[in-house]
Amino acid sequence: MEFLAKDLSNLRQHNLYRHLNTMNEAQTARTIVNGKKCILLSSNNYLGLTEHPELISAARDAISLWGTGAGGSRLTTGNFRLHEELETAIANFKNTEAAVVFNTGYMANLGTITALTGKEDVIFSDELNHASIIDGCRLSRAKTVVYPHKNIGALEKLLQQASGWRRLLIVTDGVFSMDGDLAPLPGLVELSEKYHALLMVDDAHATGVLGDRGAGSANHFGLEGKIPIQMGTLSKAIGSAGGYVAGSRDLIDYLRNKARSFIFSTALPPSVIAAALAALGVMQKDPQLRQKLHFNARYLRSRLKQMGFTILAEESPVIPVLIGDANKTVQMAQQLLVLGVFAPGIRPPTVPPGTSRVRATVMATHTRDDLDQALAAFGEAGQILGIIR
Ligand SMILES: *Cc1c(COP(=O)(O)O)cnc(C)c1O
């Protein structure tokens, strides 16, 4: 096992070693990370729901009533009434016939892509798609064609060249997780119809965030009913854990029968399901949360730009602040932390060389004061490192 230490030291040498940050408190706007008080600009808890009283009491009540664990997979003894209620609520929220809950978003992508495609099929995948989509494609053994980011023209050429396959699947993030930009869904829908391809959208960062109901990218683009496979997570804006796929009754029935990550894993505990169910209720009752989220995102973005920073995309609460050089990005993130702001630096191989960035995410629960203090830290750190003048 000497390779372990050797490979680890190799990672350290190349500045690619990953370490865990320790959260000492809840995911609130101001929290304690690695023992240090800071403003949290990196959580996917977009609506602040992880500390919402209604979610907490729903989870508590579920534990009292149903216990702490599910005790089996959904197909054996782990299917509680709550799981079914949540799936009905998700289908209503997404405006689809049905929905199925997986244990994580990662497992939803893996299970869905592998259930729908095999060696006889071809998958067209955006080059910036999330790792869970990439892993799903690999595990499916389908031929995977990676198309240039959001490039509808290039994708159409690739679709034209594809012949002799049983099925075509186009798969894309709805909101790209490291860039915060949106998939060109209207164009993708058109191509999927023209070339008879299945279309799958990963709404991990769009669920609860985009659209007038917060129902995700189809809702945002007015394309409800046009995207047959809508995947998302319950672990980001929804404030709980789990993944889902929403679509036709047949699709959901098929996944329940074929998706191995659904079949061969113990169901989520009732408390997690109850929290997600409560979150859907809170989001519907309180659309102001989503408005506040977007207000905060616009505010932080516009002030950062005024200060001279380059923001890579302006369409979601994911705010990528371009630094460029990988080492400078690490220094920027470190300097921000010294100044009391937690926003991670993202470097290759996660993003292409030369596009290293500090990735800031806002939450509905940030106050003006939180954001102003964070902005002051960005200004100071940016000047110290010569990124802005
Ligand atoms: C976070 C994320 C996932 C995985 O969801 P989990 O519930 O965290 O497993 C999948 N796709 C994208 C685009 C994500 O950002």
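Numbering of ligands and ligand atoms starts at 1, following listing order. In what follows, residues are counted from 1 in the order of the sequence shown. Only a predicted model underlies this, so the values are computations on that prediction, with no experimental measurement involved.
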Using a 4.0 Å cutoff against the non-hydrogen atoms of [X], which atoms of ligand 1 qualify?
X: Thr104; value: 7 (O), 9 (O)
X: Ala204; value: 2 (C), 11 (N), 12 (C), 13 (C), 14 (C), 15 (O)
X: Asp173; value: 13 (C)

[atom]: which protein heavy atom is closest, and how many Å away?
atom: atom 1 (C) of ligand 1; result: Lys236 NZ, 1.6 Å
atom: atom 9 (O) of ligand 1; result: Tyr106 N, 2.9 Å
atom: atom 8 (O) of ligand 1; result: Ser235 OG, 3.5 Å
atom: atom 13 (C) of ligand 1; result: Asp202 OD2, 3.3 Å
atom: atom 3 (C) of ligand 1; result: His130 CE1, 3.5 Å

So, does [X] use its side chain to make a donor-acceptor pair with the main chain of [Y] at under 3.5 Å?
X: Lys94; Y: Ala215; answer: yes
X: Ser302; Y: Tyr299; answer: yes
X: Asn34; Y: Thr22; answer: yes
X: Arg359; Y: Ser177; answer: yes
X: Asp203; Y: Ala206; answer: no

Among His366, Arg368, Arg30, the one residue meeting side-chain hydrogen bond (donor to acceptor under 3.5 Å, both in side chains) with Gln373: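 Answer after filtering His366, Arg368, Arg30: Arg30.
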
salt_bridge(Glu156, Lys194) N-O dist < 4.0 Å: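 Counted as a salt bridge, because a side-chain N and a carboxylate O are separated by less than 4.0 Å.
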
Per atom 6 (P) of ligand 1, closest listed option by heavy atom (Ser132, Gly136, Gly105):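 Minimum heavy-atom distance to atom 6 (P) of ligand 1 goes to Gly105.
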
Modelled atom types, side-chain donor and acceptor of Asp212 and Asn219, under 3.5 Å: yes

N or O contact, Ser177 vs ligand 1, cut-off under 3.5 Å: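 It does not: no N or O of Ser177 is found under 3.5 Å from an N or O of ligand 1.
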
Side chain, backbone, both or neither: the part of Met107 lying under 4.0 Å from ligand 1 by heavy atom: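 The answer is neither; Met107 stays 4.0 Å or more away.
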
